[in-house]
Amino acid sequence: MALVTEKREPAFDLAEIRRGYLLWGRHRTWDEGKAGFVTSATEGQLIVQFYPGIGNVTNHFIVPASEAAEGQWEIRWSADMAEVKEYGIGSGVDEQEGVGKDGIGRTDL
């Protein structure tokens with residue numbers, strides 16, 4: 001067994017999405033999606049803050065790159081709402097064909 005191994009893992013393209021972007025996400029187990037803004041973007045995960053509708057409360061959800069690559073998430077995001085991009089369930093991106101070397105496919109509207 002090798003001491004050091006190389007693993008190819010899905011990763012978000014940080015040139016496409018960054019902190020402060022607007023994001024709507026829906027996990028395959030949710031009935032409805034949640035809209036918020038990206039508070040943290042790394043190659044491994046996105047953290048999205050959203051308003052759950054309770055007074056001065058905010059909450060967050062995490063989108064792991066591995067789950068997005070597996071097709072468990074439907075994601076729409078935008079830097080300025082002039083151009084909205086989408087990825088995942090129902091976006092028309094083929095799960096295999098739409099995944100690039102970074103693990104995340106893109107479709108421009």
Side-chain angles (χ1 to χ4, degrees):
M1 176 181 259
L3 178 61
V4 178
T5 62
E6 290 186 31
K7 292 172 71 176
R8 184 179 167 125
E9 296 180 1
F12 287 109
D13 182 354
L14 299 179
E16 283 293 314
I17 190 162
R18 40 179 139 315
R19 187 174 175 220
Y21 279 28
L22 302 169
L23 185 139
W24 176 90
R26 185 178 67 82
H27 190 265
R28 65 177 174 79
T29 60
W30 299 352
D31 291 333
E32 296 180 3
K34 295 176 175 61
F37 59 94
V38 177
T39 57
S40 174
T42 65
E43 289 184 349
Q45 71 180 13
L46 301 174
I47 299 177
V48 181
Q49 184 173 345
F50 68 97
Y51 174 66
I54 306 171
N56 288 334
V57 175
T58 60
N59 204 344
H60 70 278
F61 61 89
I62 298 172
V63 181
S66 59
E67 287 184 7
E70 291 171 359
Q72 296 185 33
W73 285 90
E74 180 178 0
I75 303 168
R76 295 184 187 115
W77 73 97
S78 178
D80 56 8
M81 294 302 291
E83 179 182 15
V84 177
K85 299 178 182 180
E86 65 180 28
Y87 173 80
I89 303 167
S91 68
V93 175
D94 182 5
E95 294 300 320
Q96 298 301 316
E97 208 173 283
V99 176
K101 67 175 181 161
D102 58 4
I104 301 299
R106 293 181 287 278
T107 301
D108 294 299
L109 296 178

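Predicted model, so just to flag it, every value in this text is computed and none were measured.
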Margin query: Do Leu22 and Val84 land in one hydrophobic cluster if side-chain heavy atoms of ILVMFWY residues count as linked below 4.5 Å?
Written below: yes
Check: Should Tyr87 and Phe61 be counted in the same cluster of Ile, Leu, Val, Met, Phe, Trp and Tyr side chains packed under 4.5 Å apart?
Finding: yes
Of all the heavy-atom pairs spanning [X] and [Y], show the shortest one and how long it is.
X	Y	result
Ser78	Glu83	OG-O, 2.9 Å
Pro10	Ser66	CG-CA, 4.0 Å
Glu43	Ala65	O-CB, 3.5 Å
Ile47	Gln45	CD1-NE2, 3.7 Å

Any [X] side-chain heavy atom under 4.5 Å of [Y] side chain:
X	Y	value
Phe12	Val63	yes
His27	Glu67	yes
Glu74	Trp24	yes
Trp73	Trp30	yes
Ile17	Leu23	yes

Rounded at 0.5 Å granularity, tell me how far [atom1] in [X] sits from [atom2] in [Y].
X	Y	atom1	atom2	result
Thr42	Arg19	OG1	CZ	13.0 Å
Gln49	Phe37	CD	CZ	4.0 Å
Asn59	Phe50	CG	CZ	4.0 Å
Lys85	Arg76	NZ	CZ	15.5 Å

